[in-house]
There are 2 protein chains.
Amino acid sequence: MLQHFEKYIKLSAPLKDELTKRVTLKTFKKGHLVHNADKVCTKSYFIQKGLMRLYSIKDGKEITAFFCAENEWVNSPNSFIQQQLDIYYIDTIEATECYCLNVGDLVYLFEHFPEMEQYARLSMGTNLAYYLERISSMHFTRATEKYQHFCKTYQDVHHRIPLGMVSSYLGITQETLSRIRAEK
Amino acid sequence: MLQHFEKYIKLSAPLKDELTKRVTLKTFKKGHLVHNADKVCTKSYFIQKGLMRLYSIKDGKEITAFFCAENEWVNSPNSFIQQQLDIYYIDTIEATECYCLNVGDLVYLFEHFPEMEQYARLSMGTNLAYYLERISSMHFTRATEKYQHFCKTYQDVHHRIPLGMVSSYLGITQETLSRIRAEK
DNA sequence: ATGATTTTTTGATCTAGGTCAAAAATCATT
DNA sequence: AATGATTTTTGACCTAGATCAAAAAATCAT
């Protein structure tokens, strides 16, 4: 996790200390509901090992917004940042081990370590890039293109994700996705 | 523009000064290509009056990523943040008046005013929220739903945008959009 | 291991929205 | 105001992918 920070800022010893002190290691088993949309999201998770997903529910159906893999932060973005309710749930696709950080602790870090603000700005920049890429990829019209793009963006993890979740991520039906996989 | 900053941070007099000093007022007429994808984006525009759009070109067709209206910053996000090439173009939908800020000046501000980092973090938070909302809205399957959602999110400006741009934003054809508008 | 549950595949049919084409309306320029 | 260019609308037809249904395969719990 500290390595991830160091991609963006230089970590001073005291900041490193505070970070390690304020973070707790958690383990979830497969299929665990890590965040429920009926609560405000107060925790952010840095995935050490495993796989999670952010999804919402529409007409009783799960719609996957995106998947989160190793070395990424996961939370319900609006809920966590604005400390208000939002539509997203988070669960694990596999047994997952991650570091957990509370909003409160994060706020403390922002207040005492100005370089944390910079880290936030820079890392949000890469996130923004992902989101934009996602938006642009959703303009693909053919289901095959969508699927190919998915395989490219989730290169190392796409085979670990069940078909139903992928199809809800792509906005196509399971049947169609299954047929796409069948050919070639 | 200063008001916009004050939604997120308290503006000190010297920062206010530097900001107004480093920003220049520009006027573009309708249809002006403000940013070309063949260049790295070095400027960010705060729209005072008017309407712009961010779009890319695929198979010779323009695909609108989103529209930008009064009191918003526009730039080619990745290109501007990472100072590298990206696929997006920016043009004006109407005659537009805006404040222009260079990356260089922005960097200067980040270096000399720590509260600017905070502004960036917080305002990127709201942007992230918009993006996420967009991603979620792109999961609508029926064209009618998509259009209704568009009208809601661009409540005050949606009637100022030509049909072709709206359809490319929604990922449906002009013909379909025209028919949707015709009924009721 | 074994039966139960869940996930994936396969098949048959249907439909929303795409494509192509041309007319009508709106806009811009002299 | 007139002309040409661009945008929007309307019509006829077609296709990719949705829906419904049921079999096959994989995964899970005891």
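Under the 6.0 Å cut-off for aromatic ring centres, A:Y89 and A:H35 do not qualify, their centroids lying 6.0 Å or more apart.
Recorded end-axis angle for the helix from C:dA1-D:dT30 to C:dT30-D:dA1 stands at 70°, based on five pairs per end and rounded to 10 degrees.
Every residue meeting the side-chain hydrogen bond (donor to acceptor under 3.5 Å, both in side chains) condition with B:Y119, not counting sequence neighbours, appears here in chain and number order: B:H4, B:W73. Evaluation of the salt bridge (charged side-chain N to carboxylate O under 4.0 Å, His left out) rule for A:D86 yields no partner, not counting sequence neighbours. Here A:R160 pairs with A:E70, A:E94 under the side-chain hydrogen bond (donor to acceptor under 3.5 Å, both in side chains) rule; sequence neighbours left out. B:K30 is linked by a salt bridge (charged side-chain N to carboxylate O under 4.0 Å, His left out) to nothing, counting only residues two or more places apart in sequence or in another chain. Remark: A:T176 pairs with A:T173 by the side-chain hydrogen bond (donor to acceptor under 3.5 Å, both in side chains) rule, at least two apart or across chains. Considering only residues two or more places apart in sequence or on other chains, B:E175 meets the salt bridge (charged side-chain N to carboxylate O under 4.0 Å, His left out) condition with none of them. With sequence neighbours excluded, no residue forms a salt bridge (charged side-chain N to carboxylate O under 4.0 Å, His left out) with B:K152.
Summarising the geometry, the separation between CD1 on B:I180 and P on C:dA16 is reported as 12 Å, rounded to the nearest angstrom. The separation between B:L170 atom CG and C:dA16 atom P is 18 Å, rounded to whole Å. Regarding A:I93, its CD1 atom lies at a distance of 16 Å from the C1' atom of C:dT6, rounded to whole Å. In this structure, the NZ atom of B:K146 is 11 Å from the C1' atom of C:dA16, given to the nearest Å. Rounded to whole Å, atom P of C:dT6 lies 13 Å from atom CD of A:E62.
Only A:P162, A:L163, A:G164, listed by number, bring a heavy atom of residues 153-165 of chain A to less than 4.0 angstrom from any atom of DNA chain C.
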Tell me which donor-acceptor pairs under 3.5 Å the side chains of residues 38-51 of chain B have, and how far apart each pair is, sequence neighbours excluded?
from  : atom 1 : to    : atom 2 : distance (Å)
B:S44 : OG     : B:N75 : ND2    : 2.8

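Between the side chain of B:S79 and the backbone N or O of B:S76, no donor-acceptor pair lies under 3.5 Å. For the pair A:T96 (side chain) and A:T92 (backbone), a donor-acceptor distance under 3.5 Å is absent.
Each of A:Y154, A:Y55, A:F66 was scored for a ring pair (Phe, Tyr, Trp, His ring centres under 6.0 Å) with A:Y169, with one residue passing: A:Y154.
Between B:D91 and B:H32 the shortest side-chain heavy-atom distance does not fall below 4.5 Å.
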Worksheet entry | Under 4.0 Å protein heavy-atom contacts per nucleotide of nucleotides 18-25 of chain D, with B for base, S for backbone only and - for none | SBBB----

Polar atoms only, N or O, under 3.5 Å: list the protein pairs with nucleotides 25-30 of chain C and their distances.
from   : atom 1 : to    : atom 2 : distance (Å)
C:dA28 : OP1    : B:K30 : NZ     : 3.3

